[in-house]
> 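Please find one structure pasted underneath; my questions will follow.
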Amino acid sequence: MTDMPRQTLMAYPSEICVAPGETIRFMVSEVGTATRYAVRLMRMHSLDEDPDACGLIEEDVPSEFAGNYPARFQAVATGSCIAFPEAAWPGPLSDFTVQAYIWPTRPGAGAATILACWNDDDATGFRLELDANGALALRLGFVEGGEAMVSTKVPLRPREWVLVSASYEAASGHVTVSQAPVRPYPVIDTAATCRETVRGGPLSRGPLPLVIAAYAQGARSDAGFAAHFNGKIDRPRLAAAALAFDDIERLAGTAIPHGLAAKVIGFWDMAQDIGSVRVVDLSAWHRHGAVVNLPTRGMTGFNWTGEFHDWHRAPDQYGAIHFHDDDLYDAGWDADFAWRVPDDTPSGCYAAKLEDGNVPVYLIFFVRPPRRPGQRPPIAFLASTAHFMAYANYRLVDRGPLSETVRGRLWLLGPEDVLMHAHPEIGNSCYDAHSDGSGVCYSSRLRPILNLQPNTRLASLAGDGYVLALLRHLGTDYDIISDEDLHNEGLAALAPYRCLVTGGHPEYWSSEMMEALEGFLSSGGRLMYLGGNGFYWRTTYHRTLPGVIEVRRGEDGNRPWAAEPGETTLSFTGQTGGIWRRLGRPPQSIVGVGYCAEGFDVAIPYHRLPASHDPRCAFIFDGVGDQPIGDMGAGFGGAAGQEIDHYDARLGSPPHALVVATADQFTDNMLLVNEDLEATHLAVGGVECPAVRADMVFFETGYGGAVFSTGSISWVAALACQDFDNPVARITSNVLSRFADPAEFPRVGTSKMDEVTP
Amino acid sequence: MKDLTFDPVECLPLAREFMAQPVGRHSPNLQRLMRVLRQEAPIGKPCLLAIEPGRKWLLIQFTGPRGGGAHSLGRVYTDQMEAERDVFRMRWKALMGTDLPKDIHAP
């Protein structure tokens, strides 16, 4: 029997894009049987082995880190919480009250901590938690030894707000544990209060680590965390007294009640500093915390009315944080080797290639041009690193039963999919759901990303490799810049270049990236958008944490999940999340075309339209006849497929744009996107729906530059067929050549081509 | 419950249509049949694992939810369409309760 190919190493680099003179580190762990591995530095000129294309082209590059290394295991600790830099209970713990509003998403799926002051080394302190049955419980660990557990024994229901509280009086041993639903129901009553008397006595002799949504596995908060909470927590409070329930209700307000201030030692307002990792304590102790592993912030609280959908407008209704046991920001592994990028390193796509006799692992990164000003080639390729991060560890296996139906063919997987399924601890993509079913808003690159490798799905890195292969085939000098560069540096990242070339799927754009691109086009820049479904989701990067993006799946768009009502505002920036089309910047207004359909069974060729014979675009079709354009390709057999875009003047496609070719003979698996549907109907398939088509568009920007858009993800995967001797490669090469030429395209105010200096 | 039963005899022309072209334009009735056949739960669903990218695939299935493994179904293909036909036969038998007649095969 044929064995399944196995990958036995996982790894990640510290950077996705690095400049000469800078150092990149590589973190490696074995997963299974690897004991040693060899490392080489490769420059990647293509990223796919399809036999009908150019194959995988990798070039050995000398480096000081090349060699053999022992493989070691490095763990990943998932799960989010709020930790406090110093032991948080101020001294010996005796009387206390702990309370919060909670919205549990997985009650009954194991013990889940709401708030803990707990030293796990000597089992002292307390943990307010949901017990294994999903009922509220208070666990007490006594200085004199022994533990007590007091539970309401009434399981909470998922996704319902409850005010939970517990108090303890050391002298008497009286414990009260209470759960009070915000919205009670008749018949189904989850309200419960349990009063018991336990042995009593102090719960600590000194400070205890305080954690919200987990407990510390030791005497300090940096010892790791356990029993993570899944769901939202709002208004956590802590007092050094056993409070009556009316005081508990008063303490659940937005200000510390008169008369309780001296007793309150934790009064957190989690609606403050939503864009940061900081959690603000309004008590006199200023016991500010920091989120660990990026739980989702800016979430609706127990008192959200629906009146406002933006946490700026009603911060007191956005005091909740949604915690997940599978949140992960930075795996935090130790580096195994590093590379200082030599000053003369050409910009390009590189990889540290790890080999141990099983499936090799490529740690993909990009070398950008030097940060110092200087002469650069006319062409820059934009590495869609925001897209790579949004898709990082895309878990196809977790898609629902309809997934294969939507694709119209069997799932095609690689070894990375099998390994990813077996290792949930490496975190999710923004296409996945957390373990509690809620959508994943954040994605980091500081963890193993198994699908950022050659031979992974063509709608991503592997397809983009064909653009690099064409540039190499043509002998074209180029630089690579990344989405992160564009976001961080704005127009300065593009200013040295005459032409920006995208890959096949530049889907995720921040406002800063959009503004940089618009500035580039307004200053004469040229854009070759060689993809589909581009410029689609607003994304953003964290303001202080490196290497993490946020996406909110807003009120429209082809979405893997939908944000909960009121939760579409980006927590990192406060901007409205969603698709750019609904945010007032349709892709059509920037590149002439915009996303209209997706289907993954077959791809088809384009055919020329009369506008292709306009002298304005003669350069595009130089050497191209009337034959089909792209009737073969590694991306499902054609140049138009997977996700496609069309021209739409209503959405801002420029009226002077030339739709030079179109592909419209799709199957019924190529389906119109839902944002094009006002109301649902059956005529959405590629056979009959006229809006389902990939349009190839050219237009002059009016500032001396121009835009060429192909409107299909499969375009790039068709470039390398027949050793680049095909209409797709010819058209792309023609446009590259013209767009690299300094001769201006017509500016606003010129109406005839012959008025323009060629 | 929705009635998603199919008459195996009435569906034989659809099987012939599928065998002639497993992926691509299909008649409305074959589309409906395929929507049902392809709607297997992800765990246990036959799927193709590339063992030589672009050249050779192994039929596998996942054996458990996130955190679980996968195992080989032992069939290797150099043509994805042959895999489609094989899986169609498996699913046909599961849905219809009878084997697909042997005279219905690839052209």
> Return the minimal non-hydrogen interatomic distance between B/Gly67 and A/Pro424, and the atom names on each side.
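Of all heavy-atom pairs spanning B/Gly67 and A/Pro424, the closest is CA-CD, 3.6 Å.
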
> Among B/Arg35, B/Gln39, B/Lys45, which one satisfies side-chain hydrogen bond (donor to acceptor under 3.5 Å, both in side chains) with A/Glu404?
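Running side-chain hydrogen bond (donor to acceptor under 3.5 Å, both in side chains) over B/Arg35, B/Gln39, B/Lys45 with A/Glu404 returns exactly one hit, B/Lys45.
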
> Could you tell me the separation between the CG atom of A/Asn669 and the CZ atom of B/Arg25, rounded to the nearest 0.5 Å?
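So the CG of A/Asn669 and the CZ of B/Arg25 are separated by 11.5 Å.
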
> Measuring heavy-atom distances to chain A, does B/Leu37 have an atom under 4.5 Å in its side chain, in its backbone, in both, or in neither?
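B/Leu37 has no heavy atom closer than 4.5 Å to chain A.
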
> Where does A/Arg407 contact chain B at under 4.5 Å (heavy atoms): side chain, backbone, both or neither?
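Contact with chain B involves no heavy atom of A/Arg407 at all.
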
> Would you mind reporting whether A/Pro415 and B/Leu49 have side-chain heavy atoms less than 4.5 Å apart?
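Result yes, sub-4.5 Å side-chain heavy-atom pair found.
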
> Of all of A/Gly414, A/Pro51, A/Pro5, which one pairs up most often with chain B through heavy atoms under 4.5 Å apart?
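The residue among A/Gly414, A/Pro51, A/Pro5 with the greatest pair count is A/Pro51.
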
> side-chain contact (heavy atoms from CB on, under 4.5 Å), that's the test. Do A/Val397 and B/Ile43 meet it? Break it down for me.
CA-CA 8 Å; A/Val397 185; B/Ile43 305 308; 4.2 Å; yes

> By a 4.5 Å heavy-atom criterion (distance strictly below it), what part of B/Glu52 contacts chain A: side chain, backbone, both, or neither?
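When you check distances to chain A, no heavy atom of B/Glu52 falls under 4.5 Å.
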
> Of all of A/Gln665, A/His421, A/Glu425, which one pairs up most often with chain B through heavy atoms under 4.5 Å apart?
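Of A/Gln665, A/His421, A/Glu425, A/His421 has the most heavy-atom pairs under 4.5 Å with chain B.
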
> With heavy-atom distances below 4.5 Å as the criterion, would you say the side chains of A/Trp411 and B/Pro42 are in contact?
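Result yes, sub-4.5 Å side-chain heavy-atom pair found.
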
> Is B/His26 in contact with chain A via its backbone, its side chain, both, or neither, using a 4.5 Å heavy-atom distance?
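Neither part.
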
> Which of the residues B/Gly68, B/Pro22, B/Ala70 is involved in the greatest number of heavy-atom pairs with chain A at under 4.5 angstrom?
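Among the listed options, the one with the most contacts to chain A is B/Gly68.
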
> Test side-chain contact (heavy atoms from CB on, under 4.5 Å) on B/Phe88 and A/Leu410; report intermediate values, then the result.
CA-CA 10 Å; B/Phe88 182 89; A/Leu410 293 170; over 6 Å; no

> Looking at every heavy atom in both A/Met4 and B/His71, which two are closest together, and how far apart are they?
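Heavy atoms of A/Met4 and B/His71 come nearest at CE-CA, 4.0 Å.
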
> Does the side chain of B/Met34 come within less than 4.5 Å of A/Arg409's, by heavy atoms?
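No, every pair of side-chain atoms sits at 4.5 Å or beyond.
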
> Could you tell me which portion of A/Asn455 (side chain, backbone, both or neither) has an atom closer than 4.5 angstrom to a non-hydrogen atom of chain B?
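Side chain only.
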
> Does any backbone or side-chain atom of A/Pro454 lie under 4.5 Å from a heavy atom of chain B? Answer side chain, backbone, both or neither.
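No part of it gets close to chain B.
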
> Does this structure show an ion pair linking B/Arg66 with A/Asp398, if we count only N-O contacts that are shorter than 4.0 Å?
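A/Asp398 and B/Arg66: salt-bridged.
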
> Tell me, side chain or backbone of A/Arg399 under 4.5 Å from chain B's heavy atoms, or both, or neither?
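The backbone, not the side chain.
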
> Between B/Pro65 and chain A, which part of the residue has a heavy atom less than 4.5 Å away: side chain, backbone, both or neither?
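Contact with chain A: backbone only.
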
> I'd like to know which of A/Leu412, A/Val602, A/Val418 tops the heavy-atom pair count under 4.5 Å against chain B.
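Highest number of pairs under 4.5 Å: A/Leu412.
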
> With only heavy atoms counted, which part of B/Ile60 is less than 4.5 Å from chain A, the side chain, the backbone, both or neither?
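The answer is the side chain of B/Ile60.
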
